[in-house]
Structure formats: structure tokens, C-alpha cells
Amino acid sequence: GTVSAEEAERTFIAIKPDGVQRGLIADIIARFERKGYKLVAVKILVPTKEFAGKHYAEHEGRPFFEGLTDFLSSGPVLAMVWEGQGVVTYGRKMIGATKPLESAPGTIRGDFGIQVGRNIIHGSDSPDSAKKEIGLWFTPEDLVSYGLDIHKWVY
Ligand code: ABT
Ligand code: MG
């Protein structure tokens with residue numbers, strides 16, 4: 001019932017412009033919510049291309065970088081922070097492999113996507129990336145706390 005450091009683990013999840021345009025917001029949020037994870041920050045925005053480049057800084061210089069940052073800045077993105085035990089790794093499992101045709105059925109990309117350039121959702125790939133990405137997209141004051149009493153129903 002008590003909140004350990006692991007239960008307070010956080011990840012950055014973003015529904016990309018294709019996922020938002022296709023009306024997948026509610027389905028995706030429902031999956032994380034039903035799993036037992038808590039939504040602690042959320043906003044919708046159209047990122048600038050420059051900001052998209054900051055988000056994907058690790059890919060700068062690679063041949064797909066231009067197309068990737070054009071895509072992320074092409075429409076509304078739903079940016080979120082989700083909290084809970086194992087949320088970084090398990091969140092990536094729920095999202096599925098990078099290429100939707102290689103993602104298992106039952107994963108978000110497996111259920112909804114076909115092409116890697118339209119793969120619907122982003123999730124931090126490590127606790128380190130999560131920290132960086134949460135810091136890029138949100139300020140500390142954006143993150144809410146649910147209090148202790150809710151945790152006993154999941155942990
Ligand atoms: P993200 O959650 O978007 O970061 O995807 P994921 O972590 O699953 O995959 P990575 B390797 O981080 O790819 C980021 C985006 O770049 C695209 N990409 C990647 C290509 O188009 N070609 C490539 O060869 C690689 C390595 C796929 C990812 N997303 N989109 N959109
Ligand atoms: Mg990635």
C-alpha cells in the first residue's frame with residue numbers, strides 16, 4: 001500500500017499527430033489507466049519543428065531526421081506523464097515495436113499502425129530518457145500528486 005520509489009517511476013508518453021488525428025486519444029489513455037498507471041501531467045500542443053528536433057536530438061544527422069521532425073510538428077500532439085511501477089519498460093511493451101508491422105497484436109502500434117513513419121505514439125526508452133523528456137515537455141509544477149490512499153488498490 002505504501003508508495004516506494006519504484007511506484008513513483010515516471011515516463012513520458014506522447015500521442016503523435018497521426019494518433020490524435022485518427023481519434024485514438026481515449027483508447028490509448030484507457031489502456032494506461034486500466035493497467036493501473038496514473039496520469040500525472042497532460043497537455044495538447046502543436047510542437048514547432050525546432051522543438052521536435054530537441055525531442056529527437058539523439059537522431060540528429062540521421063537520414064530520417066528531417067521527415068521525423070516534420071511529422072512530429074505536423075499537428076496536435078498529446079503529451080503526457082504516466083506514473084507507476086515499471087512504467088518505462090512496461091509502457092514500451094504496451095506501445096509495441098518501433099515498426100508497426102513488427103509490433104505484436106494487442107500493442108498500440110500493433111493494433112493501430114502500419115508504417116514506421118506513422119507509428120502513433122512515443123514512449124521514453126529508459127528512465128534517463130524519461131527524465132530528460134519530462135523536463136523538456138513539462139515543468140515540475142505541471143505534475144500532480146494523487147496522494148497515498150489510491151495506491152492500495154493496485155499495489
Ligand atoms: P519513438 O517512440 O518515436 O522514439 O520510437 P522508438 O523509440 O520506438 O524508435 P526510435 B529508434 O527512437 O525511432 C524514433 C523515430 O524515428 C523513426 N525511425 C527510426 C525511422 O524512421 N527510421 C529509422 O531507421 C529509425 C531508427 C521511427 C520513430 N518514429 N516515428 N515516428
Ligand atoms: Mg525512441
Side-chain angles (χ1 to χ4, degrees), residues 5-140 142-144 154:
E6 280 186 328
E7 285 157 18
E9 181 180 329
R10 289 169 184 158
T11 195
F12 174 71
I13 301 286
I15 305 179
K16 298 176 182 180
D18 56 333
V20 173
Q21 298 284 4
R22 290 179 53 198
L24 300 176
I25 290 173
D27 187 298
I28 290 168
I29 287 181
R31 289 173 184 233
F32 281 86
E33 198 174 33
R34 289 180 305 196
K35 174 68 180 170
Y37 293 136
K38 292 287 167 230
L39 181 61
V40 297
V42 62
K43 64 179 162 189
I44 191 162
L45 72 158
V46 181
T48 64
K49 187 169 161 68
E50 188 200 355
F51 188 84
K54 282 187 187 164
H55 173 75
Y56 280 126
E58 61 176 312
H59 297 302
E60 204 169 345
R62 299 178 74 178
F64 56 85
F65 183 76
E66 279 298 308
L68 182 59
T69 52
D70 277 340
F71 170 54
L72 194 68
S73 59
S74 67
V77 168
L78 191 84
M80 299 177 278
V81 178
W82 285 89
E83 185 177 277
Q85 195 172 324
V87 71
V88 175
T89 300
Y90 201 85
R92 294 271 293 183
K93 272 190 199 169
M94 290 167 64
I95 287 169
T98 303
K99 298 180 178 170
L101 291 182
E102 292 171 6
S103 313
T107 65
I108 293 163
R109 288 170 176 165
D111 286 350
F112 300 133
I114 292 175
Q115 288 201 321
V116 68
R118 299 284 184 273
N119 71 2
I120 299 160
I121 182 167
H122 165 82
S124 307
D125 60 14
S126 69
D128 243 32
S129 314
K131 206 165 209 178
K132 264 188 232 157
E133 291 168 0
I134 291 167
L136 178 64
W137 290 79
F138 291 98
T139 65
D142 291 332
L143 277 63
V144 299
V154 176

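In this text, all values refer to a predicted model and were calculated from it rather than measured experimentally. Every number for a ligand or one of its atoms is a count from 1 in the order of the listing. Scope of the values below: all heavy atoms of this structure, side chains included, with no hydrogens, waters or symmetry mates.
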What about E58: any of its N or O atoms under 3.5 Å from an N or O on ligand 1? no
Atom 14 (C) of ligand 1 [closest protein heavy-atom partner, distance rounded to 0.1 Å]: H59 NE2, 3.5 Å
Atom 5 (O) of ligand 1: closest protein heavy atom, distance to 0.1 Å, is R109 NH2, 3.4 Å
F71 heavy atoms within 4.0 Å reach ligand 1 at atoms 31 (N)
Whether the side chain of E9 engages the backbone of G86 through a donor-acceptor N/O pair (distance < 3.5 Å, no angle test) should be reported. yes
Have a look at ligand 1 and work out which part of V116, if any, has a heavy atom under 4.0 Å from it: side chain, backbone, both or neither. both
Check whether the ring centres of W82 and Y37 lie less than 6.0 Å apart, and answer yes or no. no
When you measure from atom 28 (C) of ligand 1 to every protein heavy atom, which one gives the shortest distance, and what is it? N119 ND2, 3.9 Å
Among non-hydrogen protein atoms, atom 8 (O) of ligand 1 lies closest to T98 OG1, 2.6 Å
Can you find an N/O atom of R62 closer than 3.5 Å to an N/O atom of ligand 1? no
Residues 120-132 vs salt bridge (charged side-chain N to carboxylate O under 4.0 Å, His left out), sequence neighbours excluded, gives none
Throw together a table of side-chain donor-acceptor distances under 3.5 angstrom for residues 99-106, partners on residues two or more places apart or in other chains.
residue : atom : partner : partner atom : Å
S103    : OG   : A97     : N            : 3.4
S103    : OG   : A97     : O            : 2.8
S103    : OG   : K99     : O            : 3.2

Among all the protein's non-hydrogen atoms, which is closest to atom 24 (O) of ligand 1, and how far away is it? F64 CE2, 3.5 Å
Mind running side-chain contact (heavy atoms from CB on, under 4.5 Å) on I15 and M80 for me, showing each step along the way? CA-CA 8 Å; I15 305 179; M80 299 177 278; 3.8 Å; yes
Show which atoms of ligand 1 fall inside a sub-4.0 Å distance from at least one heavy-atom site of K16. 1 (P), 3 (O), 29 (N), 30 (N), 31 (N)
Starting from atom 4 (O) of ligand 1, locate the nearest protein heavy atom and write down its residue, its atom name and how far away it is, to 0.1 Å. H122 ND1, 3.0 Å
Below the 3.5 angstrom mark, is there an N/O of Y56, backbone or side chain, next to an N/O of ligand 1? yes
Geometric cation-pi criterion, K16 with F71: 6.0 Å, 45°: no
Ligand-side contact atoms (ligand 1) for residue partner R92, heavy atom cut-off under 4.0 Å: 6 (P), 7 (O), 8 (O)
Taking only heavy atoms of L68, which atoms of ligand 1 are found under 4.0 Å from at least one of them? 15 (C), 16 (O), 29 (N), 30 (N), 31 (N)
Aromatic plane relationship, F12 with H122 - under 30° parallel, 30 to 60° tilted, over 60° perpendicular: tilted
I134 to R10 - nearest heavy-atom pair and separation: CD1-CB, 3.8 Å
Can you find a heavy atom in the side chain of S73 that is under 4.5 Å from one in the side chain of V46? no
